[in-house]
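Report on the structure given below.
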Amino acid sequence: MTDGTQERINLLGLAPAEMEAFAVGLGEKPFRGRQLLTWLYKRRVADFDGMTDLGKNLRARLADIADVRMPEIVSEHVSADGTRKWLLRAGRSDGRDQAIETVFIPEMGRGTLCISSQVGCALDCSFCSTGAQGFNRNLTTAEIVGQVWLANERLGVAPDGSRAITNIVLMGMGEPLANYKNVLPAMRIFLDDRCFDLSRRRVTLSTSGLVPQIYRLAEDINVALAVSLHAPNDELRNQLVPINRRHPIAELLEACWHYLDAQNGRSITFEYVMLDGVNDQPELARQLAGLLHGYDAKVNLIPFNPFPGSDFRRSKPDVISYFRDYLNGRGVTATVRRTRGDDIDAACGQLAGRVHDRTTVRLGSKMVTIGVEA
Ligand code: SAH
Ligand code: SF4
């Protein structure tokens, strides 16, 4: 409570229906809420004074009780391949500064923003540096949406008016389905035509397999689903993705096929991190093809991204190619994810993984201390 802004309502946390309710709560008509959305997301105006069709009194009232607050940038890195990574401050806990990461990956004809949903993660997958950090807290809806707002602002609009961000993936830090109540309104904001207006195929939620929440998601919203499978049998998956002990593969796949049925979805992407000698043997490719053959499933093979303290190694390129070709040969579409932003540690599972090792980072011209006991 140092700057008096903490009690204000951060409007980035309000889904479209909530924004209308917020306007009504102020004694206004619901369409004032829609106007607010347009100012925020279409015109990208965060300052109430600039919202000229809102009326002086309402603007003064808003300035009193609300604000539009983005996460604070700790650092911004641009990779040689154009990938950008932002380290964002997410408060303090146990005497440590907490940070999350957001990554922008430009490709031909599209730009993907990879956002975080939690500070750390409780699910403790053995190959993931976010998991190794443990769980700190859920991000608020405003912090999830704020990552997109901020990236949009930093990336700007192209001369032809097009926006840099065409796709959003919830593949940064954290398990999005473990923060369901804050992630759902954020995704509504990504899809709504008064807000970011992305099609449902361009918003992807990646989960390690929280089965009850997959059923809930099928009821609540229509977005693309990616599932972190990483192993084709329970014995191995129990070790790599511990949540499998609670929700084994058969149960998980049933939830996935239900998700597709409920939504007329196109297909589910199964992520499979390639770990040398652990889950990359030909026999496992055979088992994986057996599980997915005949379903609307795609496999995305992710070369493991090593991080300090991890014992795993990345599979050899020819082993990854064999795995991919075998699956394709069995009629299961498989691709290998290109690693991007290697020079700035922007790859999967590395997000904010270095925060605790790093003692100081650059903030503008200042150096600030991050990840050190106070
Ligand atoms: N918690 C969600 C989303 C965040 S992780 C999930 O697990 O799906 C996003 C993806 O990165 C997941 O498929 C995850 O398994 C993968 N991943 C985690 N650590 C990795 C690493 N070190 N190398 C490659 N991929 C990794
Ligand atoms: Fe959490 Fe996903 Fe990392 Fe597993 S892979 S620890 S679920 S962030």
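Counting starts at 1 for both ligands and their atoms, following the listed order.
Ionic pairing of R137 and E143 is present here: one or more N-O contacts between side-chain nitrogen and carboxylate oxygen are shorter than 4.0 angstrom. A salt bridge is absent between K316 and D318: the closest approach of a Lys/Arg side-chain nitrogen to an acidic carboxylate oxygen does not fall below 4.0 angstrom. Under the 4.0 Å criterion applied to side-chain N and carboxylate O atoms, R216 and E219 are not assigned as salt-bridge partners. Checked for salt-bridge contact, R44 and E153 miss the test: no charged N lies under 4.0 Å from a carboxylate O. Using a cutoff of 4.0 Å between basic side-chain nitrogens and carboxylate oxygens, R314 and D276 are not scored as salt-bridged.
Heavy atoms from both the backbone and the side chain of N305 come within less than 4.0 Å of ligand 1. Contact annotation: for E271 versus ligand 1, heavy atoms closer than 4.0 Å belong to the side chain alone. Of all the heavy atoms of V227, none lies under 4.0 Å from any atom of ligand 1, so neither backbone nor side chain is involved.
Listed by atom number, the atoms of ligand 1 under 4.0 Å from S208 heavy atoms are 6 (C), 7 (O), 8 (O). Atoms of ligand 1 lying under 4.0 Å from any heavy atom of C128, numbered from 1 in the order shown and given with element: 18 (C), 19 (N). The contact set between ligand 1 and V273, taken as ligand atoms under 4.0 Å from a residue heavy atom, comprises 23 (N), 24 (C), 25 (N). Those atoms of ligand 1 that come under 4.0 Å of a heavy atom in F127, given as number and element, are 15 (O), 17 (N), 18 (C), 19 (N), 20 (C), 21 (C), 22 (N). Near T207, meaning under 4.0 Å from any of its heavy atoms, are these atoms of ligand 1: 6 (C), 8 (O).
Under the 4.5 angstrom side-chain criterion for Ile, Leu, Val, Met, Phe, Trp and Tyr, the cluster partners of Y326 are Y322.
Proximity of H230 to ligand 1 is established by a heavy-atom distance of less than 4.0 Å. Residue contact annotation: G174 has a non-hydrogen atom under 4.0 Å from ligand 1.
Centroid-to-centroid, the aromatic rings of F304 and F127 stay 6.0 Å apart or farther. Ring-centre distance between F323 and Y272: below the 6.0 Å cut-off.
Checking only distances, S129 never comes within under 3.5 Å of ligand 1, N or O to N or O. For ligand 1, none of its N or O atoms has an N or O atom of G172 under 3.5 Å away. Taking only nitrogen or oxygen atoms, main chain and side chain alike, P176 does not reach within less than 3.5 Å of ligand 1.
Side chain of S116 to backbone of E101: a donor-acceptor contact under 3.5 angstrom is found. In this structure, Q263 contributes its side chain and I221 its backbone to a donor-acceptor pair below 3.5 Å. Looking at R237, its side chain does come within 3.5 Å of a backbone N or O of L229 through a donor-acceptor pair.
Here the straight-line distance linking atom CG of L191 with atom CG of D197 works out to 9.0 Å at 0.5 Å rounding. In this structure, CD in E175 is found 4.5 Å from CG in L210, a value given to the nearest 0.5 Å.
For atom 3 (Fe) of ligand 2, the nearby protein N/O/S atoms, meaning those under 2.8 Å, are C128 SG.
Considering S228, P303, A132 only, the shortest heavy-atom separation from atom 12 (C) of ligand 1 involves S228.
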